[in-house]
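Quick caveat, the model's predicted, so the values are computed rather than measured.
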Amino acid sequence: MSTTVNVVCYKSKVLSNSESPLMLRVTKDRKRKYVSLGISVNPEHWDFSKNQPKADCPNREYIELLIAEKLKVYTSTIIELKATNQDFTSTSLVDKVDGGNILVKKTVNDIFIEYIQRLESEKRRGYMQSVRYVYNSLINFNKHLNIPFAEIDVAWLKRYESWLRSRGCSQNTIGIHFRTLRVLYNLAIEEKAVREELYPFKSFKVSKLHEETAHRALSKEHVEQILSFKATDEYMRFAIDIFAFTYYSGGINLTDIANLTAENIIADKLIYKRQKTGKLIKIPLQKKAKDKIQQS
């Protein structure tokens, strides 16, 4: 649909000087966005049929020049976006031209790449792969991510959700995608790449994208069967010993086990930082866990 940009005198709002502000009205796909021009006029001096100052309007030439320059910038920006086949909304158009309170011009692609590189430098490779998977999914959906975060509104999120469902993604998988995207949107807000008032997840609730899964914990009897199993070779025995150490050490995962050294044992406590979250973990070192260490 066509995009229109008009100047209107916002006469429903009267300032302390008895004048009304001049606003730029940007309309696309029936959605309107208003931007203040930073000036005001007395409604008596405004021609509402032509949306321009009357001949007797004070500072008429200055107002006309300001309006002409602003319309020129918006017109050239619209032509540029259309010429490069870039999708845009009335909101993202205003952000591109005026910037609002955006201090940093970063695209969705920029924020994702920087975050992935940060996770890699922090050696959080498991989570990094998860973020990269969502990044690739978004590119497949939108063809590219060289768009501002302002472009991602509730309608955009709903289209992405429908796209994921059309590809047979489960409810929880879709939830992971949106939780990751929400993390990146919050990061964009922190980095001043998008205004906080545009945050779409206030309306689009990610919590609905959660499905209870069947309880998959082993019973105590099954755990005992594994721990008492007589291994037939050293590789099987090693796997059982790792399982036993995990069981006796509060569920420590394989990545954190692989990074343990003697320095992680202090005063009969196992102290380590989780590779995934960086959180410091302190747990008593159980005798059976200590036995497994001494046997290795």
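- For the pair H45 (side chain) and V41 (backbone), a donor-acceptor distance under 3.5 Å is absent.
- For R32 against S90, the heavy-atom pair with the smallest separation is C-OG, 4.2 Å.
- The shortest distance between side-chain heavy atoms of F88 and T77 does not fall below 4.5 Å.
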Checklist line | Audit row: R274, N253, side chain to side chain contact (heavy atoms under 4.5 Å, CB included) steps and yes/no | finding: CA-CA 9 Å; R274 280 211 65 189; N253 64 37; 3.0 Å; yes
Margin query: Could you walk me through whether I281 and I271 satisfy the side chain to side chain contact (heavy atoms under 4.5 Å, CB included) test, starting with their C-alpha distance in whole Å, then the side-chain angles of each, then the deciding distance to 0.1 Å, before giving a yes or no?
Written below: CA-CA 6 Å; I281 305 296; I271 302 176; over 6 Å; no
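- A donor-acceptor distance shorter than 3.5 angstrom exists from the side chain of K205 to the backbone of K202, with no hydrogens or angles considered.
- Under the 4.5 Å side-chain criterion, counting only non-hydrogen atoms from C-beta, D268 is in contact with K290.
- When side chains are defined from C-beta on, V5 counts as touching L71, because their heavy atoms get closer than 4.5 Å.
- Side chains of P148 and K96 form no contact here, defined as non-hydrogen atoms less than 4.5 Å apart.
- You'll find the side chain of D153 stays beyond 4.5 Å of the side chain of L157, heavy atoms only.
- Looking only at distances, no side-chain donor or acceptor of K33 sits under 3.5 Å from a matching main-chain atom of V94.
- In the displayed structure, Y34 atom OH is contacted under 6.0 Å by more than 12 heavy atoms of other residues, nucleotides or ligands.
- For W46 and Y10, the gap between ring centers reaches or exceeds 6.0 Å.
- Following chains of ILVMFWY side-chain contacts shorter than 4.5 Å, one can reach F141 starting from V108, so the two form part of one hydrophobic cluster.
- Between the side chain of K54 and the backbone N or O of E44, at least one donor-acceptor pair lies under 3.5 Å.
- Y133 and Y115 sit in two unconnected hydrophobic clusters of ILVMFWY residues. Membership requires side-chain heavy atoms under 4.5 Å apart, directly or through other members.
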Item checked: side chain to side chain contact (heavy atoms under 4.5 Å, CB included) between N142 and W156, worked out -> CA-CA 10 Å; N142 200 63; W156 195 98; 3.5 Å; yes
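- In this structure, a donor-acceptor pair under 3.5 Å is absent between the side chains of Q52 and R60.
- Inspection of the D47 and S49 side chains reveals an N or O donor paired with an N or O acceptor under 3.5 Å.
- By the 4.5 Å heavy-atom criterion applied to side chains, R25 and V7 are not counted as neighbours.
- Contact record, N146 with Q86: O-OE1, 4.3 Å, taken as the closest heavy-atom pair.
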Which pairs would a plain distance check flag for residues 124-131, meaning a side-chain donor or acceptor within less than 3.5 Å of a matching protein atom at least two apart in sequence or in another chain?
unit_1: R124; atom_1: NE; unit_2: K276; atom_2: O; d: 2.7
unit_1: R124; atom_1: NH1; unit_2: E122; atom_2: OE1; d: 3.4
unit_1: R124; atom_1: NH2; unit_2: K276; atom_2: O; d: 3.1

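- With sequence neighbours excluded, no residue satisfies side chain to side chain donor-acceptor pair (under 3.5 Å) with S228.
- Of all the heavy atoms in I283 and S249, the pair that sits closest is CD1-O, 3.1 Å.
- Contact record, N264 with T261: OD1-N, 2.7 Å, taken as the closest heavy-atom pair.
- Atom-to-atom distance recorded for H177:NE2 and R182:CZ is 15.0 Å, nearest 0.5 angstrom.
- At least one donor-acceptor pair under 3.5 Å links the side chain of D233 to the backbone N or O of M236.
- Of the possible donor and acceptor atoms, none in the side chain of D95 sits under 3.5 Å from a partner among the backbone N and O of S92.
- For the residue pair N140 and S137, no side-chain donor N or O sits within less than 3.5 Å of a side-chain acceptor on the partner.
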Checklist line | salt bridge (Lys or Arg N to Asp or Glu O under 4.0 Å) assessment of K273 paired with D256 | finding: CA-CA 8 Å; K273 275 191 176 182; D256 292 327; over 6 Å; no
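- Residues T89 and K31 have side chains not in contact (no heavy-atom distance under 4.5 Å, counting atoms from C-beta outward).
- The distance from the CG atom of N109 to the CD atom of E114 is 10.0 Å, given to the nearest 0.5 Å.
- For the residue pair Y185 and I152, the shortest heavy atom distance occurs at CE1-O, 3.9 Å.
- When all heavy atoms of T107 and F149 are compared, the closest pair comes out as O-CE1, 4.0 Å.
- One distance of note links CG of D87 with NE2 of H144; it measures 6.5 Å at 0.5 Å rounding.
- Within the 3.5 Å criterion, the main-chain N or O of K13 finds a donor-acceptor partner in the side chain of S20.
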Next item on the list: Let me see the working for E161 and R165 under salt bridge (Lys or Arg N to Asp or Glu O under 4.0 Å), right down to the final yes or no.
Entry: CA-CA 6 Å; E161 180 185 358; R165 292 191 187 282; 2.9 Å; yes
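- Looking at heavy atoms from C-beta onward, E69 lies out of side-chain contact with V73 at the 4.5 angstrom threshold.
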Next item on the list: Any chance you could lay out the side chain to side chain contact (heavy atoms under 4.5 Å, CB included) test for N186 and F201, step after step, and finish with the verdict?
Entry: CA-CA 10 Å; N186 283 320; F201 294 101; over 6 Å; no
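- In this structure, CE on M23 lies 12.0 Å from OG on S40, to the nearest 0.5 angstrom.
- A single hydrophobic cluster is seen to contain both L260 and I265, as judged by linkage of ILVMFWY side chains at heavy-atom distances under 4.5 Å, directly or through other members.
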Can you give me every donor-acceptor pair (side chain of residues 238-247, partner residue at least two apart or in another chain, under 3.5 Å) with its distance?
unit_1: D241; atom_1: OD1; unit_2: R237; atom_2: NE; d: 3.3
unit_1: D241; atom_1: OD1; unit_2: R237; atom_2: NH2; d: 3.4
unit_1: D241; atom_1: OD1; unit_2: K292; atom_2: NZ; d: 3.1
unit_1: T246; atom_1: OG1; unit_2: I242; atom_2: O; d: 3.0
unit_1: T246; atom_1: OG1; unit_2: I252; atom_2: O; d: 3.4

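- The cluster map of Ile, Leu, Val, Met, Phe, Trp and Tyr, joined by side-chain heavy atoms under 4.5 Å apart, puts I176 and V183 in different clusters.
- Distance alone, capped at 3.5 Å, places no donor-acceptor pair between the N42 side chain and the E19 backbone.
- No more than 12 heavy atoms of other residues, nucleotides or ligands shown are found within 6.0 angstrom of CG on L254.
- One finds the OG atom of S2 at 9.5 Å from the NZ atom of K28 (value rounded to the nearest 0.5 Å).
- In terms of modelled atom types and a separation under 3.5 Å, the side chain of T84 and the main chain of L81 share a donor-acceptor contact.
- If you take CG on L184 and CD on E191, they are separated by 9.5 Å, rounding to the nearest 0.5 Å.
- Ring centers of F178 and Y160: under 6.0 Å apart, within the cut-off.
- Hydrophobic clustering (side-chain heavy atoms under 4.5 Å, transitive across Ile, Leu, Val, Met, Phe, Trp, Tyr) keeps L65 apart from L37.
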